[in-house]
Asks: 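Right, I'll just put the structure down here and ask away after.
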Amino acid sequence: MPLVNNKVGDDCLVGTDKALADGKALVDSLTKVVACYRHLALCVGTCTDSLQLRDELRQTREKAQNLASAICLHLTSYLRDKSLPEQQRKEMELLWVAFSSSLELLHADMRKVFNMGDVFSLANSAALVQTGIQGGGSEVAARALSLPDLNQAQASSLPAALESQEHNVIEHEIKQIDHMINVMEMKVNVLRWMVEPRGPQYADPLSSTDSASLALPSIDEEQSGPQPLCQRSHIFVLLLLCAVVLVAALLSVSIVFFS
């Protein structure tokens with residue numbers, strides 16, 4: 001009887017688990033950076049908009065793009081592997097959905113910053129919207145970039161030539177993200193509605209069968225709960241209709257009597 005060597009299979013499984021852990025760490029980092037970028041993007045065009053904010057947006061955007069490129073290569077190489085175990089493939093698909101969703105959010109926020117920067121120019125700071133908010137997003141950008149701080153001298157104006165150059169750079173980066181999304185869809189065909197969210201990071205830790213079993217009592221409770229209130233409302237409407245009919249009958253009798 002030939003001996004079965006399980007060492008190769010175990011090493012492959014350990015390597016896949018490490019790749020899965022690395023992918024989760026990368027996707028978590030991208031999610032945090034995209035959230036920080038969205039927070040900073042809300043300040044564009046307001047009274048807190050400044051040259052420092054635009055620079056923080058640029059650095060955060062570069063960090064997100066570097067992470068996105070690394071995640072795309074990492075997940076694509078494993079999802080295109082036909083020998084990937086089924087359980088690891090499901091986890092990789094979850095990461096792929098989370099990654100693509102974060103990338104689309106980044107793409108939308110970059111377009112927002114591009115459009116808002118075109119409308120509200122730092123060369124004319126008087127046109128900024130006075131929201132009354134004070135302070136900038138240095139702490140948010142520092143968390144996204146893993147830096148101790150980003151305290152710099154705030155600049156209230158920006159030369160028109162430099163602003164136009166920055167505008168062109170953002171437009172080019174938006175096209176790059178758009179191209180990356182298209183390439184991802186061509187290389188890996190993961191249908192989002194076919195991926196079942198599982199685990200505390202992406203969904204409720206209950207399994208689908210438990211959720212389905214818990215859904216039936218909840219529906220019964222919803223149906224049984226509002227019934228007394230509905231019955232009382234129906235009784236009130238019937239009494240009101242009876243009262244209206246009674247008043248109408250009395251009026252008609254009185255008109256006939258007095259006529």
Side-chain angles (χ1 to χ4, degrees), residues 12 14-42 44 53-85 88-117 137-138 140-148 150 165-192 194-195 197 199 201-202:
C12 181
V14 171
T16 306
D17 292 338
K18 184 179 183 303
L20 184 61
D22 294 340
K24 287 182 178 180
L26 288 172
V27 172
D28 289 341
S29 299
L30 178 64
T31 302
K32 294 176 182 178
V33 173
V34 170
C36 291
Y37 187 81
R38 167 157 290 196
H39 186 86
L40 294 173
L42 295 175
V44 178
L53 176 67
R54 302 294 178 92
D55 188 60
E56 291 167 354
L57 283 167
R58 179 186 57 79
Q59 296 182 53
T60 308
R61 189 168 59 247
E62 290 177 354
K63 176 78 172 182
Q65 291 177 6
N66 292 334
L67 284 171
S69 299
I71 295 171
C72 185
L73 293 175
H74 182 80
L75 295 182
T76 301
S77 61
Y78 283 94
L79 287 174
R80 290 172 64 90
D81 185 6
K82 302 296 184 180
S83 62
L84 186 67
Q88 279 74 15
R89 178 173 296 277
K90 290 181 179 180
E91 296 294 333
M92 288 288 186
E93 289 179 352
L94 285 173
L95 292 178
W96 183 266
V97 172
F99 165 56
S100 57
S101 300
S102 297
L103 198 61
E104 290 180 355
L105 288 176
L106 176 65
H107 184 263
D109 290 337
M110 289 173 64
R111 292 186 62 87
K112 177 182 177 181
V113 172
F114 176 78
N115 295 328
M116 294 294 290
S138 299
V140 176
R143 289 197 299 269
L145 301 173
S146 301
L147 297 177
L150 288 175
Q165 181 180 358
E166 181 71 14
H167 196 69
N168 295 332
V169 170
I170 296 178
E171 185 178 12
H172 177 67
E173 292 177 351
I174 290 174
K175 293 180 179 179
Q176 286 182 334
I177 295 294
D178 194 17
H179 177 70
M180 181 182 294
I181 294 175
N182 293 332
V183 171
M184 286 168 49
E185 293 177 351
M186 294 177 61
K187 286 187 176 181
V188 178
N189 185 21
V190 176
L191 303 179
R192 298 187 183 183
M194 297 297 292
V195 177
Q201 184 178 3
Y202 303 104

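Everything quoted here is computed from the prediction, not taken from an experiment.
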Asks: Hey, what do you get for SG (Cys72) to NZ (Lys187), rounding to the nearest 0.5 Å?
Replies: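 NZ of Lys187 is found 6.0 Å from SG of Cys72.
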Asks: Which value, rounded to the nearest 0.5 Å, describes the distance between Leu84 atom CG and Ser77 atom OG?
Replies: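 Rounded to the nearest 0.5 Å, the CG-OG separation comes out at 9.5 Å.
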Asks: Apply side chain to side chain donor-acceptor pair (under 3.5 Å) to Glu62 and list each qualifying residue two or more places apart in sequence or on a separate chain.
Replies: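 Here the qualifying residues are Arg58.
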Asks: Could you grab the distance from atom CG of Leu75 to atom CG of Leu26, nearest 0.5 Å is fine?
Replies: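 Result: 8.0 Å between the selected atoms.
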Asks: Mind checking side chain to side chain donor-acceptor pair (under 3.5 Å) for Asp81 and listing every partner two or more places apart, or none if nothing turns up?
Replies: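 For Asp81, the residues satisfying side chain to side chain donor-acceptor pair (under 3.5 Å) (neighbours in sequence not counted) are Ser83.
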Asks: State which residues pass side chain to side chain donor-acceptor pair (under 3.5 Å) with His172; sequence neighbours excluded, sorted by chain then number.
Replies: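 Here the qualifying residues are Gln176.
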Asks: Using side-chain contact (heavy atoms from CB on, under 4.5 Å), reason through Met110 and Val113 one step at a time and then give a plain yes or no.
Replies: CA-CA 5 Å; Met110 289 173 64; Val113 172; 5.7 Å; no
Asks: When rounded to the nearest 0.5 angstrom, what is the spacing between CG in Leu94 and CG in Leu20?
Replies: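 Reported value, rounded in 0.5 Å steps: 9.0 Å.
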Asks: Ser29: which residues meet the side-chain contact (heavy atoms from CB on, under 4.5 Å) condition with it, sequence neighbours left out?
Replies: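 By the side-chain contact (heavy atoms from CB on, under 4.5 Å) rule, Ser29 matches Leu67.
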Asks: Tell me, please, which residues at least two apart from Leu105 pass side-chain contact (heavy atoms from CB on, under 4.5 Å).
Replies: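 Partners of Leu105 under the side-chain contact (heavy atoms from CB on, under 4.5 Å) test: Val34, Arg38.
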Asks: Verify side-chain contact (heavy atoms from CB on, under 4.5 Å) between Trp96 and Met184, making sure each step is shown before the conclusion.
Replies: CA-CA 10 Å; Trp96 183 266; Met184 286 168 49; 3.7 Å; yes
Asks: Nearest 0.5 Å please: distance from the OH atom of Tyr37 over to the CD atom of Glu56.
Replies: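 If I round to the nearest 0.5 Å, the distance is 12.0 Å.
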Asks: Considering residues at least two apart in sequence or located in another chain, which fulfil the side chain to side chain donor-acceptor pair (under 3.5 Å) criterion with Gln65?
Replies: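 Only Glu173 meet the side chain to side chain donor-acceptor pair (under 3.5 Å) criterion with Gln65.
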Asks: State which residues pass ring pair (Phe, Tyr, Trp, His ring centres under 6.0 Å) with His74; sequence neighbours excluded, sorted by chain then number.
Replies: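 Result, ring pair (Phe, Tyr, Trp, His ring centres under 6.0 Å) vs His74: Tyr78.
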Asks: I would like to know whether Glu166 and Asp55 meet side-chain contact (heavy atoms from CB on, under 4.5 Å); could you show each step before the answer?
Replies: CA-CA 10 Å; Glu166 181 71 14; Asp55 188 60; over 6 Å; no
Asks: Quick check for you: to the nearest 0.5 Å, what is the distance between Thr31 atom OG1 and Lys24 atom NZ?
Replies: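 Reported to 0.5 Å precision, the distance equals 13.0 Å.
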Asks: Tell me, please, which residues at least two apart from Ser69 pass side-chain contact (heavy atoms from CB on, under 4.5 Å).
Replies: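 Partners of Ser69 by the side-chain contact (heavy atoms from CB on, under 4.5 Å) criterion, ordered by chain and then number, come out as Met180.
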Asks: Residues in salt bridge (charged side-chain N to carboxylate O under 4.0 Å, His left out) with Asp22, at least two apart?
Replies: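 For Asp22 the salt bridge (charged side-chain N to carboxylate O under 4.0 Å, His left out) partners, ignoring immediate neighbours, are Lys18.
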Asks: Would you check if the side chain of Asn115 reaches a backbone N or O of Arg111 as a donor-acceptor pair within less than 3.5 Å?
Replies: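 Side chain of Asn115 to backbone of Arg111, a donor-acceptor pair under 3.5 Å: yes, one is there.
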Asks: Check side-chain contact (heavy atoms from CB on, under 4.5 Å) between Asn66 and all other residues, then give those that pass, not counting sequence neighbours.
Replies: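 side-chain contact (heavy atoms from CB on, under 4.5 Å) list for Asn66, sorted by chain: empty.
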Asks: Any chance you could lay out the side-chain contact (heavy atoms from CB on, under 4.5 Å) test for Ile177 and Glu104, step after step, and finish with the verdict?
Replies: CA-CA 9 Å; Ile177 295 294; Glu104 290 180 355; over 6 Å; no
